[in-house]
Structure formats: C-alpha cells, structure tokens
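Quick caveat, the model's predicted, so the values are computed rather than measured. As a basis for the values below, the full set of heavy atoms in this structure was taken, side chains included, without hydrogen atoms, waters or symmetry mates.
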Amino acid sequence: CRIYVKPHPAHPFDVYRRLAKTCRIILVTDPYFYPRTDVVVAYHSSLASQYEEQGIVPIYHTDISERELWERLSTCLVR
C-alpha cells in the first residue's frame with residue numbers, strides 16, 4: 001500500500017517530512033504533480049476537483065464521520 005500525502009502549498013511541510021521518516025508515506029511537494037492513486041481523501045478543494053476530473057472521486061472527510069472514513073478506507077485497501 002502506497003500512501004501519498006500532498007500538503008497544501010501554503011502549509012509548512014516539516015510535520016509531513018518527520019512523518020515520512022517513520023511511516024510508509026510518499027510526500028508530494030511538487031505543486032504540479034498529481035500521482036495516480038486509487039483513493040483520494042480530501043476536503044472540498046482544487047486538489048479534489050483535479051482528481052475528480054481524472055475520474056477519481058475523492059472521499060470528502062469533512063462530509064462524513066471518522067468511523068465512516070475508516071470503513072471506506074478499509075474497503076478500498078482490501079481490493
């Protein structure tokens with residue numbers, strides 16, 4: 001399982017760099033790179049819209065409970 005984290009360009013990346021050292025994540029810092037993924041978890045944003053244009057419908061974590069988010073992610077990871 002590869003997990004990509006693409007922070008908002010205006011936010012500092014330090015927290016994510018530390019996280020990448022301890023977790024199996026790929027930190028995306030290039031603002032023009034949108035890796036092909038099976039799942040996108042996001043809030044309503046231009047990032048989410050750009051993935052939707054590519055046919056990948058995001059899971060909007062701001063619209064669902066944390067439990068539902070984990071249930072959806074579990075279903076995606078089992079595929």
Side-chain angles (χ1 to χ4, degrees):
C1 172
R2 288 181 294 173
I3 299 174
Y4 292 91
V5 175
K6 185 173 179 136
H8 190 281
H11 294 171
F13 290 8
D14 295 344
V15 171
Y16 300 103
R17 285 192 178 104
R18 285 193 301 274
L19 183 63
K21 289 178 183 176
T22 59
C23 298
R24 296 179 60 195
I25 67 167
I26 299 164
L27 181 61
V28 179
T29 57
D30 181 345
Y32 303 104
F33 177 61
Y34 296 90
R36 182 83 182 148
T37 64
D38 295 319
V39 180
V40 172
V41 178
Y43 59 92
H44 294 274
S45 63
S46 57
L47 173 71
S49 297
Q50 288 161 331
Y51 271 104
E52 207 158 358
E53 289 171 5
Q54 300 300 314
I56 300 169
V57 179
I59 298 172
Y60 292 105
H61 64 81
T62 51
D63 294 350
I64 59 176
S65 69
E66 185 176 335
R67 180 180 177 174
E68 186 175 349
L69 172 62
W70 286 115
E71 287 173 0
R72 289 190 190 186
L73 288 174
S74 296
T75 302
C76 294
L77 294 173
V78 172
R79 282 192 239 160

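The nearest pair of heavy atoms linking Ala42 to Ala48 is CB-CB, 4.0 Å. Taking both residues in full, the closest heavy atoms of Val39 and Ile59 are given as CG1-CD1, 3.9 Å, listed atom of the first, atom of the second, then distance. Residues Tyr32 and Lys6 share a closest heavy-atom pair of N-NZ, 4.4 Å. Residue Ile56 comes nearest to Thr37 through the heavy atom pair CD1-O, 3.1 Å, listed as atom of the first residue, atom of the second, then distance. Considering all non-hydrogen atoms of both residues, Tyr34 and Tyr51 come closest at C-OH, 3.4 Å. Between Arg36 and Gln54, the shortest heavy-atom contact is NH1-O, 3.6 Å.
A single hydrophobic cluster is not seen to contain both Val57 and Tyr60; linkage of ILVMFWY side chains at heavy-atom distances under 4.5 Å, directly or through other members, places them apart. Taking hydrophobic clusters as Ile, Leu, Val, Met, Phe, Trp and Tyr residues chained together by side-chain heavy-atom distances below 4.5 Å, Leu47 does not share a cluster with Phe33.
The shortest side-chain heavy-atom distance between Tyr43 and His61 falls under the 4.5 Å cut-off. Inter-residue side-chain proximity for Val28 and Pro35 is flagged as met; some heavy-atom pair is nearer than 4.5 Å.
Taken from CG in Leu69 to OG1 in Thr62, the straight-line distance is 10.5 Å, to the nearest 0.5 Å. To the nearest 0.5 Å, atoms CD (Glu52) and OG (Ser46) are separated by 12.5 Å.
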